[in-house]
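Shown next, in structure tokens, is the structure this report addresses.
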Number of protein chains: 2
Amino acid sequence: MRIAQIAPVWERVPPRKYGGIEVVVFHLTEELIRRGHDVTLFATGDSITKARLISNYDTSPERIHLAQYNPMPDLIHIGKAFKHTEQFDIIHNHTGWIGTVLGSLIDKPVLDTLHWRFSEENIPFYEVYKDAVFYNSISFKQRESGPDLNYVGNVYNAIDTDSYQFSKDKGDYFIHISRICSDKGTDIAIDVARKAGVKLILAGKVDPGKDTLYYKEKIAPKLDGRQIIYIGEITEEEKRALFREARGFIFPLQWAEPFGLVMVEAMACGTPVIAFPFGSVPEIVDNGKTGFVVNNFEQMVEAVNNIECIDPFDCWKRAVEKFSINKMVDEYETLYEKIIKLKADKQMAKIEVHKVQVIPSLRISPASLNLSIKP
Amino acid sequence: MRIAQIAPVWERVPPRKYGGIEVVVFHLTEELIRRGHDVTLFATGDSITKARLISNYDTSPERIHLAQYNPMPDLIHIGKAFKHTEQFDIIHNHTGWIGTVLGSLIDKPVLDTLHWRFSEENIPFYEVYKDAVFYNSISFKQRESGPDLNYVGNVYNAIDTDSYQFSKDKGDYFIHISRICSDKGTDIAIDVARKAGVKLILAGKVDPGKDTLYYKEKIAPKLDGRQIIYIGEITEEEKRALFREARGFIFPLQWAEPFGLVMVEAMACGTPVIAFPFGSVPEIVDNGKTGFVVNNFEQMVEAVNNIECIDPFDCWKRAVEKFSINKMVDEYETLYEKIIKLKADKQMAKIEVHKVQVIPSLRISPASLNLSIKP
């Protein structure tokens, strides 16, 4: 297939540091190339890819005013990408709104992966653009808070599971890796560990400004350097090493994240996940098998005490079977084929209906012409 | 012609209070209808028009965060308008960037009137979209600070000159009507009047916040209620009455406004304009005939003293001949026809080039086929 991948312009592919969308676009693009597809990636010029790279920006544009959204770079980057659509069988948009509107104007099949949450701001938009393109959700839970879009699939995000090391031999600690903030429930993780009487290692960044007070008031007083230990921001390698030997990942997330890759990373190392049923959690964690999806604080403590019931191998198996690059690309490939066919059928229907409309005087009914008219 | 007018979504057509673009779109639309065209106006549902009105918003959306640009209403309003283009011969976009990008994707001829200034923010955009659509400037001066776009015309904005009352009998005062701020040179107008020893009436709003200090420090101390009089914000009717009997309009504008309708309003009442040569001023004011375009403070004082050299009738005549609705719509009509032809020629050229390309084995040259191939 001749495939266009349109990445956001605000970060390189793959990202230099953070950038969940750009990681997914990177893995998807490289694996499609490996499978022999003709892939064009629209992304910044410093992106690293085996695909044909088309860029209007050498590097990511600066966000001049952080609080002020400047639509110009998006209009340049995404607009120019859609100007090139003639040469593709399928266009995969990862940039959201502007790409959706442009996609609604062209004849080519467009798949739009929703990489974000529905919000008060964007729901009126999706109400109007329900059927504009073909949509893909990244979890079934994600769909619930938005309008009923023209969904053609639900492809979960993936990680390179091969690059994580599985271990069934665990250390003496539980882990909580995430940004240190109330959204991620860091203080709850500490309370759970204390109540269960287990060792907990906390790792992650404290955002200067907004989370400093939270850290100072809710976290720092509970650190003792023996049972509850905070080790600060860590590297990718350190993260993987910590996950590998952790008995479990305590993740008391407080909001409906559309997809939480970090849970898959834990499982890929054979580490069970303990979390509340917010957002995509119940779709990622197989309750009782690869961790525990619990409803309250007491249950979370109990889950920590029952962690030995979980077989690390089952965790690893779920990560690989449901959230590996291979699985994700298999599903996107199937989706691309499905959409190309759907679009072709639709266009065929349009042409046939038109045919009948222009010769009404002949009084030939669609039925007698044996035309299959689709709505 | 079947014409689509796409107005901004942020104000009704015509505007309830301020909204230069919406005034122009209103007059243009109504006059095109009067001339027998089939016009569709894409604007808010509370707009007042004889055209077919298509709206996605009943009224203008609220600007939730004034400092934060929310692209959703534009994407809904403009995106949906461009989805309807099949039925039109020409699409006239008054909304800027998003309309430009969408216009670049469709086969129909799109005219894009630039209703704003080039800026650091939008110049990179226009560099990329130079040839995306057909552009119209609203003054030749406007073009100078931006890239060399695919301009097909320069149609000045217009006012309903018939609705202004001409008078050659003037009162004893000069006038300065505008927002009271340093950009408009209110303090300079006062100094000029004092130096020339003439009476000056100031009218206009002081924006709370940013212009309060300017008013307090630079304007208030110079008001004496006899020679220099500030009468506050005024109604449309009051404005027209004041212009009608003013000896001259002192307008020491300090920046390059792409088009200044207020100068045309003065002239339509037979009132000469005195201004510096910024922006569109030299294109609007016929120096020595309908006012004075001066280079410094001393010259402005001199111009005030020489105001009797200007014949009010010449001012009125220029307003009607160059800046009336009739004149504007004549020019837009011509432009629409020109663009439709340009676009058709381009598409024809594309088809013909394609024809030759697909039969290379026949060795028929374009020349022998007598095809006119355009670049």
Side-chain angles (χ1 to χ4, degrees), chain A residues 9 42 54-58 61-86 91 95-108 110 112 116 118-133 147 350 354, chain B residues 9 42 54-58 61-86 91 95-108 110 112 116 118-133 147 350 354:
Chain A
V9 73
F42 293 90
I54 300 186
S55 313
N56 273 288
Y57 284 88
D58 291 339
E62 262 185 87
R63 292 183 194 260
I64 303 172
H65 308 289
L66 265 185
Q68 170 74 300
Y69 170 61
N70 171 11
M72 294 300 164
D74 276 339
L75 287 171
I76 292 173
H77 170 70
I78 308 166
K80 279 289 154 180
F82 275 91
K83 199 64 192 157
H84 279 87
T85 51
E86 277 308 310
I91 292 111
T95 68
W97 318 312
I98 292 174
T100 309
V101 175
L102 294 170
S104 77
L105 283 188
I106 63 169
D107 276 336
K108 295 282 176 169
V110 176
D112 205 318
W116 32 79
F118 288 107
S119 68
E120 204 188 328
E121 196 190 29
N122 68 33
I123 284 175
F125 174 85
Y126 286 111
E127 287 284 0
V128 171
Y129 285 95
K130 270 179 188 174
D131 300 309
V133 294
K350 227 195 274 171
H354 185 64
Chain B
V9 73
F42 293 91
I54 301 187
S55 314
N56 272 288
Y57 284 87
D58 291 338
E62 262 185 87
R63 292 182 194 261
I64 304 173
H65 307 289
L66 264 185
Q68 171 75 301
Y69 170 61
N70 171 11
M72 294 299 165
D74 276 339
L75 288 170
I76 292 173
H77 169 70
I78 308 167
K80 280 289 155 179
F82 275 92
K83 199 64 191 158
H84 280 86
T85 50
E86 276 309 310
I91 292 111
T95 69
W97 318 312
I98 292 174
T100 309
V101 175
L102 294 171
S104 78
L105 284 188
I106 62 170
D107 276 336
K108 295 281 176 170
V110 176
D112 205 318
W116 31 78
F118 288 108
S119 67
E120 204 188 329
E121 195 191 30
N122 68 33
I123 284 175
F125 174 85
Y126 286 110
E127 287 283 359
V128 172
Y129 286 95
K130 270 179 190 176
D131 300 309
V133 292
K350 227 196 270 172
H354 185 64

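All figures in this text were calculated on a predicted structure; none of them were measured in a lab.
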- Item | Partners passing side chain to side chain donor-acceptor pair (under 3.5 Å) against Thr85(B) (at least two apart in sequence or in another chain) | none

- Note on the structure: CG (Asn56(B)) and CD (Glu127(A)) are apart, to the nearest 0.5 Å, by 12.0 Å

- By a 4.5 Å heavy-atom criterion (distance strictly below it), what part of Ile76(A) contacts chain B: side chain, backbone, both, or neither? both

- Query: Can you tell me how far CG of Leu75(A) sits from OG of Ser104(B), rounded to the nearest 0.5 angstrom?
  - Reply: 10.0 Å

- Value for CD (Glu121(A)) from CG (Asn70(B)), rounded to nearest 0.5 Å, stands at 4.5 Å

- Looking only at non-hydrogen atoms, find the nearest pair between Asn122(A) and Met72(B) and report the distance. CB-CE, 3.9 Å

- Nearest-0.5 Å distance, CZ of residue Phe82(B) to CG of residue Leu102(A): 11.0 Å

- For Asp74(A), is it the side chain, the backbone, both, or neither that has a heavy atom closer than 4.5 Å to a heavy atom of chain B? neither

- Message: Once ring-ring contact (aromatic ring centres under 6.0 Å, His included) is applied, do any residues pair with Tyr129(B), and if so which ones, sequence neighbours excluded?
- Response: Phe125(B)

- Of all the heavy-atom pairs spanning Lys80(B) and Val128(A), show the shortest one and how long it is. CE-CG1, 3.2 Å

